[in-house]
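Quick notes on the structure that follows.
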Amino acid sequence: MASQLEQAKRLAKEAPQQAIELYSSVLFADSTSSYTVADREVALLSMAALFERMQDAVALTKLINGSQGYLTSVSKAKSSKLIRTLVDRFNGIEGGLQPQIATCQGMVEWARGENREYLRQALETRLISLYLDNRMYTEALSLISLLLSELKKLDDKMQLVEVHLLESRVYMAIKNLPKSRAALTSARTAANSIYTPPPLQAHLDLQSGTLHAEEGDFKTAYSYFFETMEGLSVYVTPKSVDEDLASTSAAGDLSSGGSPANFEQRQLQAFAYMLLCKIMIQQPDDITALLATGKTASKFRDHRAVAALQAVAKAQKQRSLADFERVLSEYREELQNDELIRNHLTALYDTLLEQNLVRLIEPYSRVEIAHIAKLIGLPIRVVENKLSQMILDKVFCGILDQGNGCLVVFPETKHDSTYETTLDTIKSLSNIVESLYVKAATL
């Protein structure tokens with residue numbers, strides 16, 4: 001009854017175990033009870049939210065498996081939405097990825113046994129995303145291949161867009177950029193023939209921007225990240241998301257949207273990538289103006305990820321390796337967890353180190369490596385390895401005299417084109433003589 005649900009809701013914070021018992025009595029009551037289908041739905045979702053809050057992945061798995069009887073009693077559309085919501089409750093549980101994968105696999109088999117093809121395909125799409133998060137790329141690509149063949153026969157454009165987008169992300173994760181771009185092109189082709197919900201369009205733009213960034217085209221990437229951030233702005237509420245125990249709008253699939261918290265996280269990611277692009281194209285001054293203008297940008301001003309990239313931009317502007325290393329150490333979690341940011345900042349650090357070394361060795365023809373290391377504030381071994389790499393890359397001409405611990409720099413030799421010009425002249429004369437012999441032979 002409604003009063004029992006209200007009592008369980010009041011006990012949820014102070015006595016969660018008692019609340020779970022009350023919710024369980026409602027959900028698993030026999031068919032002769034006075035509880036409605038809506039009451040059971042509230043109880044099911046509330047229990048799932050409590051297990052998520054309690055970080056109990058085992059209990060959540062048992063709840064999902066045990067609720068299959070109830071799920072068969074509601075409409076297919078309602079059960080599909082409930083299952084996706086329940087599976088996504090694992091997202092808030094630390095270390096819940098493996099149980100989430102196992103549960104999703106079990107629900108796929110259940111949907112196949114119930115002949116619920118749409119639900120099975122939706123769950124398999126979610127399973128591909130979980131495989132990607134768990135770095136199970138072989139399993140993800142195998143499932144993508146099977147699912148795409150089914151969806152193309154059904155001509156389900158919306159699902160095709162989502163699966164092609166996941167395919168692009170998987171190929172990018174394994175650094176196969178040509179196939180990643182081809183999959184993204186297929187996703188955009190399918191999206192052009194249907195109405196694409198703004199959240200899905202934002203994910204397409206985010207993936208496009210990420211690919212352009214990986215290829216070094218940061219100006220184009222910046223425009224895609226801007227479109228992503230603006231596209232999600234209407235879905236993000238100004239206040240923090242309230243964790244409603246009976247909510248059915250936990251982060252779902254891309255076409256149906258997701259929670260405002262999920263959209264805000266994606267929006268923050270796109271904004272951080274925008275700042276990264278400004279750093280990589282050597283325009284750190286634009287970051288201050290970017291943070292000062294725009295309602296969407298200003299709300300992320302105090303976020304640690306944004307502060308970290310601001311500090312990186314400041315270190316880059318001052319060409320200070322010491323400040324750069326300090327920022328990388330202070331904001332390690334924010335700068336190392338994201339693969340795109342980590343890879344490009346590593347490349348930026350190498351470039352900055354190279355520029356500083358060239359500036360330091362420029363006045364010398366012979367200098368101790370220990371002296372350079374002291375000036376730049378890095379260990380001798382690191383400086384020696386970098387100088388060796390620069391010599392091999394022909395950044396400057398020189399050798400490492402390891403016996404004396406010195407770097408010997410040679411003056412840059414000017415390219416003499418006389419030899420190549422002489423060869424071209426001889427070749428031309430040879431062609432003229434040969435042509436004269438041919439003419440003489442025809443007379």
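Keep in mind it's a predicted model, so treat the numbers as computed, not measured. Residues: numbered from 1 along the sequence shown.
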Apply side chain to side chain contact (heavy atoms under 4.5 Å, CB included) to the pair Asp401 and Arg366, showing each step before the final yes or no.
CA-CA 10 Å; Asp401 184 356; Arg366 184 181 182 91; 3.0 Å; yes

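- The pair Asp323-Lys314 does not count as a salt bridge, with every side-chain nitrogen at least 4.0 angstrom from each carboxylate oxygen.
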Evaluation steps, side chain to side chain contact (heavy atoms under 4.5 Å, CB included), between Trp110 and Asn65:
CA-CA 9 Å; Trp110 176 80; Asn65 293 333; over 6 Å; no

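- Taking the six-membered ring where tryptophan is involved, the planes of His371 and Tyr364 are perpendicular, since the angle between them exceeds 60° and thus also 30°.
- Inspection of the Tyr273 and Asp338 side chains reveals an N or O donor paired with an N or O acceptor under 3.5 Å.
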Begin from the C-alpha positions of Ser67 and Met47 and carry the test side chain to side chain contact (heavy atoms under 4.5 Å, CB included) through to its verdict.
CA-CA 11 Å; Ser67 62; Met47 288 177 68; over 6 Å; no

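- Under the 3.5 Å distance criterion, with hydrogens and angles disregarded, a donor-acceptor pair is assigned to the side chains of Glu384 and Gln402.
- You'll find the side chain of Gln267 reaches within 4.5 Å of the side chain of Phe300, heavy atoms only.
- In this structure a side-chain-to-backbone donor-acceptor pair under 3.5 Å is missing from Glu162 to Thr125.
- For the pair Asp350/Gln389, no side-chain contact is recorded, criterion being any heavy-atom separation below 4.5 Å from C-beta on.
- Relative orientation of the Phe324 and Tyr349 rings is tilted, given thresholds of 30° and 60° on the angle between their planes.
- Taken to the nearest 0.5 Å, the CD1 atom of Ile279 stands 11.5 Å off from the NE2 atom of His344.
- Judged by distance alone, with hydrogens and angles left aside, the side-chain atoms of Ser435 form a donor-acceptor pair with the main-chain N or O of Ile432 at under 3.5 Å.
- Separating the CG atom in Leu268 from the CG atom in Leu232 is a distance of 11.5 Å, to the nearest 0.5 Å.
- Residues Ile399 and Phe410 have side chains in contact (heavy-atom distance under 4.5 Å, counting atoms from C-beta outward).
- Lys76 contributes atom NZ, which lies 12.0 Å from atom CD1 of Ile83 (distance to the nearest 0.5 angstrom).
- Taking 4.5 Å as the limit, every side-chain heavy atom of Leu44 sits out of range of all side-chain heavy atoms of Glu41.
- With a 4.5 Å cut-off on side-chain heavy atoms, Val327 and Leu335 count as touching.
- The line from CD1 of Ile376 to CG of Leu353 is 5.0 Å long, rounded to the nearest 0.5 Å.
- Atom CD1 of residue Ile369 and atom CD1 of residue Ile380 lie 8.0 Å apart, to the nearest 0.5 angstrom.
- For the residue pair Glu52/Asn91, the side-chain donor-acceptor check at 3.5 Å is not satisfied.
- When the options Glu214, Glu167, Glu215 are evaluated for a salt bridge (Lys or Arg N to Asp or Glu O under 4.0 Å) with Arg181, the one that passes is Glu215.
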Salt bridge (Lys or Arg N to Asp or Glu O under 4.0 Å) between Asp155 and Lys157, worked out:
CA-CA 6 Å; Asp155 200 28; Lys157 298 290 187 182; 3.4 Å; yes

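- Within a 6.0 Å radius of NZ in Lys13, no more than 12 heavy atoms belonging to other residues, nucleotides or ligands are found.
- Of all non-hydrogen atoms in Leu50 and Ala12, the two that sit nearest each other are CD2-O, 3.8 Å.
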Arg359 and Arg319: side chain to side chain contact (heavy atoms under 4.5 Å, CB included), yes or no, with the steps?
CA-CA 11 Å; Arg359 179 172 54 85; Arg319 297 178 180 272; 5.8 Å; no

Assess the residue pair Glu333 and Arg304 against the criterion (salt bridge (Lys or Arg N to Asp or Glu O under 4.0 Å)); give the C-alpha distance rounded to whole Å, side-chain angles, the decisive distance to 0.1 Å, and a yes or no.
CA-CA 10 Å; Glu333 184 177 349; Arg304 276 187 61 85; over 6 Å; no

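- With sequence neighbours left out, Arg112 forms a side chain to side chain contact (heavy atoms under 4.5 Å, CB included) with Val108, Glu109, Arg120, Glu124.
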Arg169 vs Glu339, test: salt bridge (Lys or Arg N to Asp or Glu O under 4.0 Å). Steps then yes/no.
CA-CA 12 Å; Arg169 291 177 58 197; Glu339 185 176 2; over 6 Å; no

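- Ring centroid separation for the pair Phe271 and His303 does not come in under the 6.0 Å cut-off.
- Side chain of Thr196 to backbone of Ala191: a donor-acceptor contact under 3.5 angstrom is found.
- Annotation for Tyr131: atom OH counts as buried by contact number, over 12 foreign heavy atoms lying within 6.0 Å.
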Derivation and outcome, side chain to side chain donor-acceptor pair (under 3.5 Å), residues Ser168 and Gln207:
CA-CA 8 Å; Ser168 177; Gln207 180 66 9; 2.9 Å; yes

